[in-house]
Amino acid sequence: MIKAILVFNNHGKPRLSKFYQYFPEDLQQQIIRETFHLVSKRDDNVCNFLEGGTLIGGSDYKIIYRHYATLFFVFCVDSSESELGILDLIQVFVETLDKCFENVCELDLIFHVDKVHNILSELVMGGMVLETNMSEILTRIEEQSKLEKSEGFGPWNLKSKG
Amino acid sequence: MSDIIEKTLASLPKLFSDGPRGSPGEKTMPQKKIMGRAFQGFLCSVSRCRSLTEEKTYITHELKQIQESLNRTDVSQGTVGELLFRLIYCHLLGYDVSFGFIHTIKLAQQGTGLEKRMGYIAAILLLHQDHELSLLLMNTIQKDLQSTNILDNCIALSAVCHLVQSDVGVISMMLPLVQKKLQHPRELVRMRAACYILRFIRLTPSYQRHLQENCRKLLYDKDPGVMSIGVKIQLQLLKSGLQSIETLTSDLCSILQQIMNRSLPSSFEYHGIPLPWLQIDILRALACLGRENKKNSESMYPLLRDLLDKFNTKARMSYAVMYECIVTITRIVPHRALLTEASVRVKRFIGSTSYVLKYIGVKALTHLIAVSPESITDCQMIVVELLEDPDPAIQSKTVDLLFSMANESNVKVVCSKLIEHLARPRKDFSESELIDRILTLTEKYSLDGVWGYDMVLTILREERSGLPRDMVDRVLNQLSQVLNYPRDTSRQVPEAVQSLVKKSVQGLFQENCSKELVKIASWVLSECSFLLKNMPDDKVMSLLQKQFLRESLDTLTRLWILSCVTSLLCGGIVQPGVVTKAVRDMRDRCVSFCDTTQDYTLLQKLLECERLCAQPLTVDPQGLDLTQFDFTLSYLDDFVCDSLEGETKPYIHKNLRMSPLKVDPLFSGFAENAGSGSVASDSSGKPTKSATSDSKNVDLKLEGVSRVWGEEGFLEPDPSVVDSHNAESDQKQRELEKKQELAAALFSGFHSQSKSDAQDKEWKDLWSEDVPLNLNSTSLDWRALSAEESERKGSSPEEMDRQEADRQDPGSVLLDLSDQEKSTEGVLSQDPLSVDDTEHVQQGHEQSCGESQDSKTTTHQHEQSVGLSVNQEGGGGIQGMNYLSREPPPLSFESFPEDRIQDSSEQFSGLYDGVEEEEEDDSESQGDSVYSLSQLDLDTVRVRGEVRGSGAVCDSDSDGGSRQGSELSLYSQYQVLEDSHDSEHNEKVS
């Protein structure tokens, strides 16, 4: 099971955090800091797996991460997940983001939080890997926006006080 | 920080200019509008903050404003959505946004389409299952699950998945709705519903049976996405041990077959691999199904083989599937060919330059080694290199591997490696895990207590926070086995016990050792107090006193020390006067540094000690005469009767009481001391050979194994190759040799284990010949030497004396040998078979030439020559032993006395039985001679002739030639086995 998905930049500034297991808010921040601390120390040419985070689950807990330019994508998982599988899931996630935002950059993640979370909810649900097929995810995102348009939700300001 | 700001600023114009139309990549106009200027402005101002405090003041200000605007009644839903995402960003940065929770629920409830979605997403992010407000959302979720809008269904299912977990009432309300969604026409919805079911059965296993029917249908869904979640559910069910569907194995196999045949649309391929994640899940499920189930396993074999064969792509994902496939092969009922195939793949993993693959490879190897230990011999060098890998993740996996490959012969090397790893900086939990593993190994393979104690002392040399809680108990338990030798005044104390005491004293000399060490050492000292007689009183006491006064110790540890003092005093080891002085001093100091919280337990104990000094109650456990004691306690009868007539309850034996009293470790010293008298006398009558013979046994065993070193499969690189290299490569060579030595030590046990492998017939046959062969080589060796010896018989009497001395202590030579091989001692106990060999042969010697004195000296000469040849090899442990054990038997029987042949003709035939089959195909002359030797028992006269004949043959041969010939024949099997190593090492060297 995936316990958390974290994205932060090279300076440790969080850009996205999603916890699939409940942790109190301050502990969440601590986890982000600790994970950044662990991950940022590592060379780029060592392996992408890491054990030793103490805050989530002890020895049954693994950090799987990838480093893209300015961003670290970190998946915190337990031992039931396949490491290489998750590593490629990160790749799927990033590729999907890339397709959606055309050359995704760090700022896209914060300026389009809603959309990023939308994509993430297609990819992972409740800590379980839901869909790994990128084209499928993309069509669904598109489908959603189409549906929204066709059902006439576009001009929501009609419903507002206006 | 600054470059982010720069980036932000740089991207601003673009964002503003795109404004409401959305950037070119945007496909959803409405979202763009919601995330309008206000939101961007907010983000920009946040990132413009120069310091944390500035950011904090800005955000708290902003949060107040957001709260105000959220509370206004006239705010539009779109604005609410935007404000909520501001909150999400603040939440991401770690600010408290709990005031907004209710608004997320409101938006999810009242909004439609996009706003509803935003409300849900915000609620899922900010709320959690146990949050009180999440209950308010349930009604909305229920409504949306029943809605006809697919998107509403989807997002509601996501919310259910996240928010409904523990409350039984809510679950029973939601579950039927979700189950209905499993039949939804769109796979989008079915998939999410299935995902909820998966999460649900994972969290509440009690519902599994209830949902089994639903789960079964999912497996046969026409959409691959839904099906893959169906497989995941089955995997989860299998893991929790529920009875599975009967046809599950064949179903999964057929799904896997279809995937491999690419019968699914190409849109499901990832980097050219069809549905890799589904493949992984199926393989995992198969591993569960095939475990200890022959029928299921057999149906998978062809499929797994296919799968292994098909992997040739470069994509990393294919390695993920391959790893899973290998793990499956190791889990199911083993199939020899598949395992061999798997070990080849693992080698490729481990040898890869990619760290990710190395990591996976080590994991795979750990699995593989559990079922086929011999497979590791192929990759020993790589494993040794991995131990020094710079990547801590790989190191920790290699440590796992080391632990799982430990066996009797390499456990020392493994443990020393683990301890090396302990010295590296690491987290608490992994430290305690590591120590726990070392302890487990020492308990499991404790050759003698001393070695295990050494390990413990090394671990405890400094204070460690991550010690396993029961460490002291475990160590004491182990030590008590060593200390439990028969006590007898006439016998010497076993060496093991002596060295334990010595080590304990040494341990106490350390200033900053951990308190666990103090406890254990003081326990050992009090147990074996009589061994401290030779130590000056004041020295012992000052040692204990110093430890006692260390500030970092706690009361409990001090009490351990005091109980040690008491036991020394009662044993008469230290003079009461010295103790009194020391105890007084301790008490004074104790009062001075414990003044804040008086430690009464400690003070009381100190006082007791002092009193005891005044009236020393010395008990000499070894000088007690038990006949003087009345063990029936008859003098107490009156007292007992009186008490029983009164109110007192009768005595109930400790074991019969409801809760047996636990003996405080504190008083262990006393109990033992009081009881030791009876123990000693009890056992004094019995022959006490166990202790001494024990240590001897260990030596013997070690020796026997060091001989096997050469056969162990580790070939030294050809010396000529080495010579041709320059100095730099020499350096490399030395490093390599070091590593090879380590490798040899680490992997020593694996060949012997592979011998017992019943699966591989071919191998078994080869190995079964091993024993008689060994016997032959040694015995022939000896006979040849006896010939030499008879020539030299007239040598100086001093030499004879020396030989005689050697004879009296055959162990000493053996010991020397093993000393020389210290670096390689891990291998020493490799093969119990060979131990038997040595003993057998020695018996043989004595039988065949029992009466004649000179033949006895021959034996020693042989032993000496063993030692000599090792020396000549210049400490090159491997090569020396290698050479020895491979040394061919020079067949020179010419000078063999005839009468002895007669005596030992039977012996001969026995010895040669094995050779007969093995060497038939070899060079004519040798084969002939050996063959005829085997018929000795029929006709001794003929034997004589034949023996002479064979001797002649050997003589006529050049010495080296005959050696080579017989080496070839005798050890051909090893060479076949070692071919692979050989080439590998040669590669390495070049």
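What you see is a predicted model, and the numbers here were worked out from it, not measured in a lab. Within every chain, numbering begins at 1; the chains are lettered A, B, ... in the order of the sequence lines, protein sequences first and strands thereafter.
Between chain A and the options B/Lys239, B/His91, B/Glu269, the largest number of non-hydrogen pairs under 4.5 Å is found for B/His91. Interface check for chain B: of the options A/Gln28, A/Gln91, A/Glu136, A/Met128, the most heavy-atom pairs under 4.5 Å are formed by A/Met128. Note on A/Met125, A/Met134, A/Met1, A/Gln29: by heavy-atom pairs under 4.5 Å with chain B, the leading option is A/Met125. Counting heavy-atom pairs closer than 4.5 Å to chain B, the top-ranked of the candidates A/Ser121, A/Gly85, A/Ser17, A/Gly12 is A/Gly85. With respect to chain A, the highest number of heavy-atom pairs below 4.5 Å among B/Val356, B/Val321, B/Leu92 belongs to B/Leu92. Interface remark: of the candidates B/Arg284, B/Lys232, B/Lys358, B/Gln129, B/Arg284 forms the most heavy-atom pairs closer than 4.5 Å to chain A. Among A/Glu131, A/Glu83, A/Lys18, the residue making the largest number of heavy-atom pairs under 4.5 Å with chain B is A/Glu83.
Between A/Glu95 and A/Lys99 there is no salt bridge, since no side-chain nitrogen of the basic residue lies less than 4.0 Å from a carboxylate oxygen of the acidic one.
Looking at B/Tyr359, only its side chain comes within 4.5 Å of chain A, counting heavy atoms on both sides. When heavy atoms are compared at a cutoff of 4.5 Å, B/Arg202 approaches chain A solely by way of its side chain, counted from C-beta outward. With a 4.5 angstrom heavy-atom cutoff, B/Ile360 touches chain A only via side-chain atoms. Using a 4.5 Å cut-off between heavy atoms, A/Glu122 touches chain B through backbone and side chain atoms alike. Contact annotation for A/Ser82: both backbone and side-chain heavy atoms come within less than 4.5 Å of a heavy atom of chain B. Using a 4.5 Å cut-off between heavy atoms, B/Arg86 makes no contact with chain A at all. In this structure, chain B has a heavy atom under 4.5 Å from the side chain of A/Glu25, while its backbone stays farther away.
A parallel orientation is assigned to the rings of A/Tyr22 and B/His128, their planes being inclined by less than 30° (bins at 30° and 60°). The aromatic rings of A/Phe72 and A/Phe8 lie tilted to each other, with the angle between the two planes from 30° to 60°.
In this model, a donor atom of one side chain and an acceptor atom of the other lie less than 3.5 Å apart for B/Tyr95 and B/Glu55. Defined by atom type and a distance below 3.5 Å, a donor-acceptor pair is missing between the side-chain atoms of B/Glu324 and B/Tyr319. Between the side chains of A/His67 and A/Asn48, not a single donor N or O lies within less than 3.5 Å of an accepting N or O.
Under the salt bridge (Lys or Arg N to Asp or Glu O under 4.0 Å) criterion, A/Asp88 pairs with B/Arg316, not counting sequence neighbours. For A/Glu81, there are no salt bridge (Lys or Arg N to Asp or Glu O under 4.0 Å) partners, not counting sequence neighbours.
Checking side-chain atoms of A/Ser40 against main-chain N and O of A/Phe36 turns up a donor-acceptor pair under 3.5 Å.
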